[in-house]
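What follows is one structure encoded as structure tokens, with my remarks underneath.
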Protein chains: 2
Amino acid sequence: MSGKPVSLKILAAHLGLTVPTVSRALNNYADISPATRERVKRAADELGYSPNQNARRLSIGSSETIGYLMPRFSSSIAQPFVAQLLQGLGEALSKRNWDLLVIHADSSKDELTQIERTARSGRVGGLVISRPIKNDPRIRLMQDLKCPFVVHGRTASCDDYAWYDVDGEDAFVTAVNHLVALGHSRVAFVGAPLQYQFAQDRLNGYQRALQDNGLSLDQDLIQIAEFSDDGGEIATNMLLDLPNPPTAMVCLSDTMALGALAAIRARGFVPGVDISVIGYDGLKFGEHANPPLTTMAQPQAHAGRRLGDMLLSIIDGDDPSKHQELQRAHLLRRKTDGPLHVAKVLNHVSEREKIQ
Amino acid sequence: MSGKPVSLKILAAHLGLTVPTVSRALNNYADISPATRERVKRAADELGYSPNQNARRLSIGSSETIGYLMPRFSSSIAQPFVAQLLQGLGEALSKRNWDLLVIHADSSKDELTQIERTARSGRVGGLVISRPIKNDPRIRLMQDLKCPFVVHGRTASCDDYAWYDVDGEDAFVTAVNHLVALGHSRVAFVGAPLQYQFAQDRLNGYQRALQDNGLSLDQDLIQIAEFSDDGGEIATNMLLDLPNPPTAMVCLSDTMALGALAAIRARGFVPGVDISVIGYDGLKFGEHANPPLTTMAQPQAHAGRRLGDMLLSIIDGDDPSKHQELQRAHLLRRKTDGPLHVAKVLNHVSEREKIQ
DNA sequence: CTGAAAGCGCTTACAG
DNA sequence: CTGAAAGCGCTTACAG
């Protein structure tokens with residue numbers, strides 16, 4: 001910008017006042033006469049004064065900024081979450097005029113050094129971390145740095161930091177229970193590598209529900225693939241090639257479920273009739289899947305706002321462990337779940353196995 | 001953070017040097033002896049020194065930060081673009097260690113005052129504006145403020161600023177030509193309010209293609225609705241209720257096209273057989289639509305990086321008008337385009353109208 | 001090659 | 001109620 005911004009000095013000169021007086025007037029100090037306060041504010045408006053934030057923040061010793069660590073995308077389906085989350089964070093921050101910085105790790109290799117540098121450079125007063133892996137080293141690092149942070153998601157031991165998560169284990173218990181109630185006993189799990197805690201949580205829910213229902217755990221029915229629609233398709237093909245294929249499946253995400261539907265349709269089966277499929281996320285575009293995808297829907301909209309509020313509280317001095325929020329997902333029935341039929345998919349199953 | 005960050009002062013004391021010397025060593029000034037430069041750098045690493053950016057930026061008079069003006073979302077389908085765009089911007093900026101600030105307008109009302117304050121506060125050295133409306137006041141404002149900016153999209157007169165856009169007019173010419181080549185002569189346009197320039201551009205392409213092909217322009221075949229899947233569905237229902245309905249349609253976006261498919265299926269018609277539908281964006285989830293959506297695909301991935309590079313060049317002093325980049329979309333045929341049949345959808349069309 | 005000085009534009013005790 | 005002083009943590013001419 002070349003149109004030299006008005007500084008406090010210029011404003012003060014214009015008013016015939018001194019710089020500190022003008023500063024205090026603008027910041028509503030009580031010891032400034034109402035008359036001059038008004039006069040100063042009017043002049044500030046007229047001249048279009050806006051305080052230099054670098055100077056202000058250096059002076060007050062706060063960056064008035066929080067950072068969002070952008071996750072790297074493995075698949076080409078961009079994350080529909082990100083925009084919503086950022087919007088929510090922005091809403092929470094705007095109440096106090098804080099800024100939102102988006103931080104990309106150049107490579108996962110040096111993400112830690114980058115976090116450390118960011119925290120130490122005074123650019124942010126706190127960080128939002130998403131998609132933690134098991135024993136996420138970023139969490140330990142932030143604790144060591146004594147830099148406030150909140151986690152979108154959880155790790156296995158999550159007592160001593162702040163987080164916001166949806167109960168993936170509970171959701172998958174609900175999903176499996178629903179399928180069992182529909183008569184299914186061979187329910188498969190389509191998942192992604194278990195390094196991400198959410199992948200483990202949801203698998204745990206799947207396994208617990210099988211136990212609760214007295215169903216035995218068949219390792220063949222657990223298929224782990226890349227976290228994408230293509231991964232879901234590959235995993236589903238593995239399942240359908242089984243000598244004794246499942247009649248229902250729960251998928252780690254809606255995106256993976258979309259791949260599952262593609263694999264099922266490709267073999268001439270009808271999802272929701274021949275095989276039931278339940279996704280996870282409740283994304284809007286599931287409505288337009290073929291057929292519309294039944295899913296465990298989670299309340300996305302509030303995550304960003306809650307995380308922002310939490311982080312601000314912690315920066316204000318709150319105990320992080322006081323800010324832990326677990327949301328529940330709910331079953332959103334569309335068209336891919338249905339009662340067990342002795343359907344096409346089972347035709348090639350041998351008599352012996354059916355009797356079991 | 002409470003673990004008091006190491007300052008230049010501490011580092012200098014630790015080394016038995018003076019603050020400016022340490023500063024110059026770290027910044028690779030030529031007049032520092034190689035020996036001490038190394039010594040200083042090693043110590044900085046060991047103590048985990050990272051310069052306070054507020055101080056640094058105040059001193060050098062640059063925020064080393066650019067801002068991205070986050071568009072507000074009308075529909076609940078979150079923008080899959082945003083994450084990709086931010087990632088691209090981040091890549092461009094990281095080369096020079098600039099930061100990326102995400103700026104949300106509280107309401108569209110005071111977006112302008114907010115932009116002005118942001119520009120004047122020295123928080124950003126430039127701004128990325130997306131989704132311009134016709135005669136977008138933000139562009140004029142940025143020019144008046146002499147604050148560098150780039151636009152993702154264009155306005156009607158776009159000679160004197162920097163922008164990156166995909167040629168929507170050309171894309172819709174291509175889409176309509178394709179449908180005409182398949183035998184269609186009643187091609188409809190499903191659009192959104194024309195306040196957004198991209199909505200106008202694509203309508204222009206539609207109209208131009210009709211002319212080019214010697215087809216008359218039927219105002220009934222232009223349906224404007226809300227920019228969402230629901231909007232697309234409503235618009236399509238209007239079209240299907242016409243006495244003389246279209247046999248093909250082009251939709252402003254993939255999202256709207258998804259709504260169109262839903263409306264078509266709801267009447268028992270088969271998209272791509274009874275009515276052809278072409279969307280725009282080339283979003284991945286179109287593959288999973290029912291049936292997979294034919295679309296004008298655009299090269300999304302590069303937009304962010306290009307916009308970031310452009311903005312940095314302009315901040316360095318380049319003439320903005322030198323940075324204008326128009327990409328082309330290409331037809332991505334999936335399953336919703338097909339040859340004209342005298343199909344179900346035409347059954348109730350009177351003989352007289354068919355002869356026309 | 002290194003040090004002493006000044007300044008970036010704010011804020012905040014401290015006087016009067 | 002307002003002014004004079006000091007400081008936030010850097011960078012950058014200017015001496016020597």
Side-chain angles (χ1 to χ4, degrees), chain A residues 1 4-41 43-44 47-65 97 99 117 119-125, chain B residues 1 4-41 43-44 47-65 97 99 117 119-125:
Chain A
M1 260 207 329
K4 267 194 190 166
V6 254
S7 64
L8 219 43
K9 195 154 118 189
I10 295 177
L11 185 55
H14 176 80
L15 284 161
L17 288 170
T18 178
V19 164
T21 302
V22 174
S23 170
R24 279 174 306 205
L26 292 172
N27 289 314
N28 297 315
Y29 274 51
D31 61 0
I32 297 290
S33 83
T36 67
R37 187 188 356 258
E38 286 319 306
R39 198 163 69 92
V40 168
K41 290 198 172 178
L47 300 197
Y49 170 74
S50 184
N52 179 311
Q53 294 295 349
N54 288 317
R56 169 157 207 282
R57 289 165 177 177
L58 171 60
S59 190
I60 66 175
S62 162
S63 62
E64 295 183 324
T65 300
N97 282 314
D99 281 333
R117 236 193 312 259
R120 288 203 155 125
S121 70
R123 273 177 299 178
V124 300
Chain B
M1 258 201 340
K4 267 194 190 166
V6 254
S7 64
L8 220 42
K9 196 153 116 191
I10 295 177
L11 184 55
H14 177 81
L15 285 161
L17 289 170
T18 179
V19 165
T21 303
V22 175
S23 169
R24 280 174 306 205
L26 292 173
N27 290 314
N28 297 315
Y29 273 50
D31 61 359
I32 297 290
S33 84
T36 66
R37 190 195 345 265
E38 285 320 306
R39 197 163 69 91
V40 168
K41 289 197 171 180
L47 301 197
Y49 170 73
S50 182
N52 179 312
Q53 295 295 348
N54 289 316
R56 169 157 207 282
R57 289 165 179 179
L58 171 60
S59 189
I60 66 174
S62 162
S63 62
E64 297 183 322
T65 300
N97 282 316
D99 281 333
R117 234 192 313 257
R120 288 201 156 127
S121 71
R123 272 176 299 177
V124 299

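The analysis underlying the following values was restricted to heavy atoms, covering all of them including side chains, and did not include hydrogens, waters or symmetry mates.
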query = Which dot-bracket notation, 5' to 3', represents the base pairing of DNA chain D when pairs are defined as Watson-Crick or G-U with both distances under 3.5 Å, crossing pairs as [ ], and inter-strand pairs as |?
reply = |||.||||||||.|||
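Scanning atom types as modelled, one donor and one acceptor separated by under 3.5 angstrom connect the side chain of B:Ser59 and the base of C:dG7.
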request  = Begin from the C-alpha positions of B:Leu26 and B:Tyr49 and carry the test side-chain contact (heavy atoms from CB on, under 4.5 Å) through to its verdict.
outcome  = CA-CA 10 Å; B:Leu26 292 173; B:Tyr49 170 73; 3.5 Å; yes
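A:Asn27 places no side-chain N or O within 3.5 Å of a backbone atom of A:Tyr29 that could act as its donor or acceptor partner. A:Ser62 contributes no side-chain N or O that, together with a main-chain N or O of A:Ile60, makes up a donor-acceptor pair within less than 3.5 Å. Using modelled atom types, no side-chain atom of B:Ser121 and backbone atom of A:Ser50 make a donor-acceptor pair closer than 3.5 Å. With hydrogens and angles disregarded, no donor-acceptor distance shorter than 3.5 Å links the side chain of B:Thr36 to the backbone of B:Arg39.
Between the CD1 atom of B:Ile60 and the P atom of C:dG9 there is a distance of 13 Å, rounded to whole Å. The distance from atom CD of A:Glu64 to atom C1' of C:dT11 is 12 Å, rounded to the nearest whole Å. D:dT11 atom P lies 13 Å from atom CG of B:Asn54, rounded to whole Å. Between B:Asn52 atom CG and C:dC10 atom P there is a gap of 17 Å when expressed in whole angstrom units. Taking atom CZ on B:Arg123 and atom C1' on C:dC10, their separation rounds to 15 Å, with Å as the unit. The separation between B:Lys9 atom NZ and D:dT11 atom P is 15 Å, rounded to whole Å. Here C:dC8 presents its C1' atom at 9 Å from CG of A:Leu58, a figure rounded to the nearest Å. Between the CZ atom of B:Arg56 and the C1' atom of D:dC10 there is a distance of 9 Å, given to the nearest Å.
In terms of phosphate contacts, A:Thr21 brings no side-chain nitrogen or oxygen within less than 4.0 Å of OP1 or OP2 of D:dC1. Checking the phosphate oxygens (OP1, OP2) of C:dT11, a side-chain nitrogen or oxygen of A:Ser23 falls inside 4.0 Å. Between A:Tyr49 and C:dC10 there is a side-chain N or O to OP1 or OP2 distance below 4.0 Å.
Near DNA chain D, meaning a heavy atom under 4.0 Å away, the residues from residues 25-33 of chain B are B:Asn27, B:Tyr29.
Which of D:dT12, D:dC10, D:dG3 sits closest to the side chain of B:Leu8 comes down to D:dC10. Checking C:dG3, D:dT2, C:dT11 against the side-chain heavy atoms of B:Arg24 singles out C:dG3 as nearest.
The OG atom of A:Ser23 sits 12.0 Å away from atom CG of A:Leu17, with the distance rounded to the nearest 0.5 Å.
Of the residues A:Arg123, A:Gln53, A:Arg57, the one that meets the side chain to side chain donor-acceptor pair (under 3.5 Å) test with A:Asp99 is A:Arg57.
Side-chain N/O atoms of B:Thr21 and B:Thr18 include no donor and acceptor closer than 3.5 Å.
The two atoms that bring B:Arg120 and A:Gly48 nearest to each other are CD-O, 3.0 Å, heavy atoms only.
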